[in-house]
Amino acid sequence: MAALKGGVGKTTSAIHLAACLHQDAPTVLIDSDKNESALTWARQNQLPFPVCPLEGATKYIRKATHVVIDTQARPSPHDLESIAQGCDLLILPTTPKALDLDALIRTADLLEDLKAKYKVLLTMVPPRRRRPGRQVTEMSLKERKARELLLQAEIPVFESSITLYTAFERAPLMGVTVERYPDEYAQAAWDCYCAVSQEVLHNV
Ligand SMILES: Nc1ncnc2c1ncn2[C@@H]1O[C@H](COP(=O)(O)OP(=O)(O)OP(=O)(O)O)[C@@H](O)[C@H]1O
Ligand SMILES: [Mg+2]
């Protein structure tokens with residue numbers, strides 16, 4: 001997980017993607033962010049997979065099939081290059097906000113130069129709505145516009161996106177993943193990351 005912009009959902013995505021991938025095979029999450037947000041989330045020992053700092057990650061990596069790495073915001077171009085070269089798929093979370101998309105497009109330009117394999121994950125998007133009398137749900141205008149912009153820029157995007165749910169903000173306080181947070185949308189929130197993890201497994 002990487003992004004030039006802070007607060008776009010890297011840690012939330014790293015935790016939940018690791019949890020979903022762990023259902024497929026043993027997974028470890030490496031927290032390489034100095035803020036230790038993922039390590040703090042894991043401190044209550046409620047997560048089903050190990051979270052470890054970069055130092056000393058080797059023994060966990062040896063036992064894992066999937067390795068998810070959470071990184072700090074605003075990496076230098078040099079750091080971004082190291083991150084990109086060290087992974088099978090670089091996931092770039094972004095919200096559909098104009099400023100976040102702008103930073104994202106700059107990141108994608110850097111990655112194109114490095115010929116890195118990356119994919120954008122839209123996070124905190126407004127929920128899809130069902131129009132009266134219709135069966136299918138419709139994505140919000142905000143998400144549609146973001147997708148159009150990314151398509152125009154020829155930037156690869158996950159088909160699944162992550163909806164804005166309060167449960168995502170609250171789950172870390174209990175040290176759990178969102179599906180264990182007592183909230184009526186907890187399952188829907190969890191399903192977002194399950195869908196992304198399926199796409200990841202088909203991508204790497
Ligand atoms: N889908 C979501 N719905 C609602 N809130 C969310 C969602 N995803 C993340 N958040 C909230 O947005 C804030 C930023 O998320 P997060 O910490 O995952 O981002 P980050 O990119 O890791 O930030 P940083 O750059 O500080 O490391 C947090 O308060 C988090 O709870
Ligand atoms: Mg973070």
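Throughout, residue positions are numbered sequentially from 1 according to the sequence presented. Just so you know, these numbers come straight off a predicted model, no measurement behind them.
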Worksheet item: In Å, rounded to the nearest 0.5 Å, how long is the span from CH2 of Trp41 to CG of Leu173?
Response: 9.0 Å
Discussion item. I'd like to know if the side chain of Ser37 reaches the main chain of Asp33, judged simply by a donor and an acceptor atom lying under 3.5 Å from each other, with no hydrogens or angles considered.
Written reply: no
Worksheet item: What heavy-atom pair brings Leu164 and Met124 nearest, and what distance separates the two atoms?
Response: CD1-CB, 3.6 Å
Practice prompt. Could you verify whether a donor N or O on one side chain and an acceptor N or O on the other, from Ser160 and Glu199, lie under 3.5 Å apart?
Written response: yes
Practice prompt. Please tell me if the side chains of Arg147 and Val157 come closer than 4.5 Å, counting only heavy atoms from C-beta onward.
Written response: yes
Worksheet entry | Side chains of Lys97 and Leu101 in contact at under 4.5 Å (non-hydrogen atoms) | no
Discussion item. I'd like to know if Leu90 and Leu54 are part of one continuous hydrophobic network [Ile/Leu/Val/Met/Phe/Trp/Tyr, side-chain heavy atoms within less than 4.5 Å].
Written reply: no
Discussion item. Less than 3.5 Å apart, any donor N or O on the side chain of Thr94 or Asp100 sitting next to an acceptor on the other?
Written reply: no
Discussion item. How long is the straight-line distance from CG of Leu99 back to NZ of Lys5, given to the nearest 0.5 Å?
Written reply: 6.0 Å
Worksheet item: Taking C-beta and beyond as the side chain, do Cys87 and Ile69 meet within less than 4.5 Å on heavy atoms?
Response: no
Worksheet item: Does the Arg170 side chain pair with the main chain of Val178, one donor and one acceptor, at a distance under 3.5 Å?
Response: no
Worksheet item: Is the closest side-chain heavy-atom distance between Leu111 and Leu80 below 4.5 Å?
Response: yes
Worksheet item: Is there a side-chain contact between Ile162 and Leu121, using heavy atoms and a 4.5 Å cut-off?
Response: yes
Discussion item. With a 4.5 Å cut-off on side-chain heavy atoms, are Pro156 and Lys117 touching?
Written reply: no
Item to complete: Classify the angle between the aromatic ring planes of His16 and Phe168 as parallel (below 30°), tilted (30 to 60°) or perpendicular (above 60°).
Response: perpendicular
Discussion item. I'd like to know if the side chain of Ser197 and the backbone of Leu17 have a donor-acceptor N/O pair within less than 3.5 Å.
Written reply: no
Discussion item. Please evaluate residues Val8 and Lys10 with respect to the criterion side-chain contact (heavy atoms from CB on, under 4.5 Å), reporting the C-alpha separation (whole Å), side-chain torsions for both, the decisive distance (0.1 Å), and the verdict.
Written reply: CA-CA 6 Å; Val8 291; Lys10 290 182 298 298; 4.2 Å; yes
Practice prompt. Would you indicate whether the side-chain heavy atoms of Arg128 and Glu143 approach each other to under 4.5 Å?
Written response: yes
Discussion item. The test is side-chain contact (heavy atoms from CB on, under 4.5 Å); show your working for Leu122 and Thr95 and say whether it passes.
Written reply: CA-CA 6 Å; Leu122 282 168; Thr95 79; over 6 Å; no
Discussion item. Do Phe158 and Val125 land in one hydrophobic cluster if side-chain heavy atoms of ILVMFWY residues count as linked below 4.5 Å?
Written reply: no
Response to the item:
Value for CG (Asp31) from OG1 (Thr71), rounded to nearest 0.5 Å, stands at 9.5 Å
Response to the item:
To the nearest 0.5 Å, atom OH of Tyr118 lies from atom CG of Leu89 at 11.5 Å
Worksheet entry | Stepwise side-chain contact (heavy atoms from CB on, under 4.5 Å) check, Asp70 with Ile30 | CA-CA 6 Å; Asp70 188 22; Ile30 300 174; over 6 Å; no
Discussion item. How long is the straight-line distance from CD1 of Ile61 back to NE2 of His66, given to the nearest 0.5 Å?
Written reply: 14.0 Å
Item to complete: Look at atom CD of Glu148 and say whether more than 12 heavy atoms of other residues, nucleotides or ligands are closer to it than 6.0 Å.
Response: yes
Worksheet entry | Nearest non-hydrogen partners of Pro93 and Ile91, listed with the distance | CD-O, 3.3 Å
Worksheet item: What's the shortest heavy-atom distance between Thr40 and Asn35, and which atoms?
Response: OG1-O, 4.5 Å
Worksheet, complete the sentence: So OH of Tyr193 and CD of Gln198: to nearest 0.5 Å the spacing works out to 15.5 Å
Worksheet item: Do you know which two heavy atoms are closest between Arg74 and Gly6, and how far apart they sit?
Response: NH1-N, 3.5 Å
Worksheet item: Of all heavy-atom pairs between Gln46 and Gly175, which one has the smallest distance, and what is that distance?
Response: CB-O, 3.1 Å
Fill in: Backbone of Glu179 reached by a side-chain donor or acceptor of Thr177 within 3.5 Å
no
Worksheet, complete the sentence: Between Pro96 and Thr123 the two heavy atoms that sit nearest each other are CD-O, 3.3 Å
Discussion item. Set out, in order, the CA-CA distance, both residues' side-chain angles and the distance that settles side-chain contact (heavy atoms from CB on, under 4.5 Å) for Val67 and Thr27, then state yes or no.
Written reply: CA-CA 6 Å; Val67 179; Thr27 300; over 6 Å; no
Worksheet item: Is it true that Glu138 and Arg131 have a side-chain N and a carboxylate O under 4.0 angstrom from each other?
Response: yes
Discussion item. Less than 4.5 Å apart, side chain to side chain, heavy atoms only: is that true for Val28 and Cys52?
Written reply: yes
Worksheet item: Would a distance-only check, ignoring hydrogens and angles, find a side-chain to backbone donor-acceptor pair under 3.5 Å from Arg130 to Gln135?
Response: yes
Worksheet item: For the hydrophobic clusters of this structure (ILVMFWY residues joined by side-chain heavy atoms under 4.5 Å, transitively), does one cluster hold both Leu47 and Tyr181?
Response: no
Worksheet item: According to a 4.5 Å side-chain heavy-atom criterion applied to Ile, Leu, Val, Met, Phe, Trp and Tyr, with indirect links allowed, do Val68 and Tyr60 form part of one hydrophobic cluster?
Response: no
Worksheet item: Are Ile155 and Leu149 joined in one hydrophobic group, where the rule is that I, L, V, M, F, W and Y side chains link up if heavy atoms are under 4.5 Å apart?
Response: yes
Discussion item. Can you tell whether the side chains of Arg43 and Glu36 come within less than 4.0 Å, N to carboxylate O?
Written reply: yes
